[in-house]
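A short worksheet on the structure shown next.
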Amino acid sequence: MKKRIFSGVQPTGNLHLGNYLGAIKNFVELNNDNNNDCIFCVVDLHAITVKQDPKELRDNIRETVATFIACGINPEKSIIFNQSSVSAHSEAAWLLSCVARMGWLNRMTQFKEKAGKDKEKVSVGLYSYPILMAADILLYEATHVPVGEDQKQHLELCRDIAQKFNNDYFAGDFFKVPEPLIQKEFSRIMSLKDGTKKMSKSELSDLSRINLTDDENLIINKIKKAKTDSLPIPSNSKELEMRPEAKNLLGIYSSLTNLSIDESVKEFSGKNFSQFKEKLSQVLVEKINPISDKIKKLNNDKEYLDRILLNGQKKANEFATNKLKKMQEIIGFL
Ligand code: ATP
Ligand code: LTN
């Protein structure tokens with residue numbers, strides 16, 4: 001049996017190293033395995049849970065497609081489409097919002113973090129966003145969902161929604177209960193300015209992240225300025241536990257070079273951070289530069305990017321509309 005892979009990325013600005021190492025790198029490997037059918041969605045409906053400028057949103061949707069391709073996803077092999085072009089997502093999200101429980105959503109830590117102190121003023125969409133994510137996944141009968149660590153709780157909610165729908169409507173295994181695919185190590189890349197915070201597009205300071213469109217000088221400069229502590233690199237990885245910035249930078253190096261954290265620590269043990277940072281910058285430039293060049297080139301070819309989305313939309317729409325129809329029948333609509 002082939003695995004059906006589904007994942008989504010928000011078109012909310014430059015994709016960064018956290019998106020790459022936590023998710024997109026994994027998408028590429030899954031895309032290359034002939035035992036998988038992969039669907040990668042640009043989740044523009046999720047993006048508007050916070051205010052977006054329409055022109056920037058359009059540019060970002062295309063740039064996300066360009067980034068997928070620049071990183072190595074093959075549009076001939078995997079379906080790439082944007083969420084808003086398949087209206088079944090919004091419809092299924094409503095149906096599933098009548099299955100999901102308030103108590104479940106109230107436990108979502110990402111909402112608490114994103115809403116901060118101002119819970120009264122954020123959009124209702126930001127709150128119900130995990131239900132839309134469940135709709136995305138369940139409409140395609142995805143068996144596996146590759147994501148970064150931060151999405152684990154949303155996937156558990158998706159599994160709960162699928163099971164409750166199946167039980168409430170005596171629908172057997174109508175909804176497949178999907179498995180998360182989260183990398184065991186380095187599944188949460190942290191900010192370069194604060195090793196306790198996730199690297200994020202929404203962080204104000206650009207120095208906190210490496211964007212996949214950054215050029216060589218920018219990368220070298222950001223790594224130079226990345227926060228560290230005053231101690232040298234330790235002799236074993238356990239000693240990194242209380243040193244979040246050191247742990248993060250060595251984690252990034254390990255992930256990029258496919259080394260274990262222990263192997264990286266051994267390589268640099270006793271050295272100071274300036275020596276390590278030089279090597280880290282070099283590895284980063286080698287990885288990011290070709291991606292960055294390709295994104296910039298593809299960004300100039302809107303027609304190509306739009307063609308990929310249209311192709312993907314046709315395939316995704318057929319699948320999702322069928323599943324939605326069956327949902328409606330099960331619920332009791334005429
Ligand atoms: P951001 O916080 O950067 O705005 P996001 O998590 O809100 O990003 P997406 O851009 O849709 O939203 O994330 C795409 C994928 O990248 C998801 O699977 C997510 O888990 C993963 N991801 C995002 N940030 C990181 C990170 N810092 N480390 C590892 N994975 C990450
Ligand atoms: N919520 C996710 C993006 C997302 C997604 C999905 C991921 C939307 N729908 C379906 C996997 C499967 C995020 O913010 N990173």
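Only a predicted model underlies this, so the values are computations on that prediction, with no experimental measurement involved. Remember, it's 1-based here, ligands and their atoms both numbered in the order they're listed.
Of the polar atoms of S200, at least one N or O is found under 3.5 Å from an N or O of ligand 1, judged by distance alone. Note: no N/O pair closer than 3.5 Å links E149 and ligand 1 by distance alone. The shortest N or O to N or O distance between Q10 and ligand 1 is under 3.5 Å.
The closest approach between any non-hydrogen atom of R209 and ligand 1 is not below 4.0 Å. Taking a 4.0 Å cut-off on heavy atoms, K114 registers as neighbouring ligand 1.
F273 and L231 get closest at one heavy-atom pair: CE1-O, 3.4 Å. L15 approaches I24 most closely through the heavy-atom pair CD1-CD1, 3.8 Å. Listed here is the closest heavy atom pair of A316 and V86: CB-CG2, 4.1 Å. A pairwise comparison of heavy atoms in V145 and A142 identifies CG2-CB, 4.4 Å as the closest pair.
Under 4.0 angstrom from ligand 2, there are no non-hydrogen atoms of V9. Within the 4.0 Å heavy-atom criterion, both parts of M199, backbone and side chain, lie near ligand 1. Neither the backbone nor the side chain of S7 comes within 4.0 Å of ligand 1, counting heavy atoms alone.
When side chains are defined from C-beta on, I295 counts as touching I291, because their heavy atoms get closer than 4.5 Å. Considering only heavy atoms from C-beta on, I210 comes within 4.5 Å of I223 through its side chain. At least one side-chain heavy atom of M199 sits less than 4.5 Å from a side-chain heavy atom of L192. Between L212 and H16 there is no side-chain heavy-atom pair separated by less than 4.5 Å.
In the vicinity of A23, heavy-atom distances shorter than 4.0 Å reach the ligand 1 atoms 15 (C), 16 (O), 18 (O). Atoms of ligand 1 lying under 4.0 Å from at least one heavy atom of R188, given by number and element, are 28 (N), 29 (C). Under a 4.0 Å criterion applied to the non-hydrogen atoms of V9, ligand 1 contributes the atoms 10 (O), 11 (O), 14 (C). Atoms of ligand 1 lying under 4.0 Å from at least one heavy atom of H16, given by number and element, are 3 (O), 24 (N). Each of the atoms 18 (O), 19 (C), 20 (O), 30 (N) of ligand 1 lies under 4.0 Å from some heavy atom of G148. If you number the atoms of ligand 1 from 1 as listed, the ones under 4.0 Å from a heavy atom of Q151 come out as 20 (O). Below 4.0 Å from some heavy atom of G22 lie the following atoms of ligand 1, by number and element: 29 (C), 30 (N).
The shortest contact between atom 14 (O) of ligand 2 and any protein heavy atom is with Y129 OH, 2.4 Å. At the top of the distance list for atom 3 (C) of ligand 2, counting protein heavy atoms only, stands G8 O, 3.5 Å. Regarding atom 2 (C) of ligand 2, its nearest protein heavy-atom neighbour is Q151 OE1, 3.4 Å. Of the protein's heavy atoms, N19 ND2, 3.7 Å lies nearest to atom 22 (N) of ligand 1. Of the protein's non-hydrogen atoms, D136 OD2, 2.6 Å is the one closest to atom 9 (N) of ligand 2.
Classification of the Y140-F319 ring pair by plane angle, with boundaries at 30° and 60°, yields parallel.
The salt bridge (charged side-chain N to carboxylate O under 4.0 Å, His left out) contacts involving residues 135-147 comprise E141-K323, where partners must be two or more places apart or lie in separate chains. Counting only residues at least two apart or on different chains, the salt bridge (charged side-chain N to carboxylate O under 4.0 Å, His left out) pairs with a member in residues 230-252 are K227-E245, D229-R243, E241-K247.
The heavy atom nearest to atom 31 (C) of ligand 1, out of those in S255, G251, P11, G18, is found in G18. Nearest-heavy-atom check against atom 19 (C) of ligand 1 across L15, T49, D150 picks out D150.
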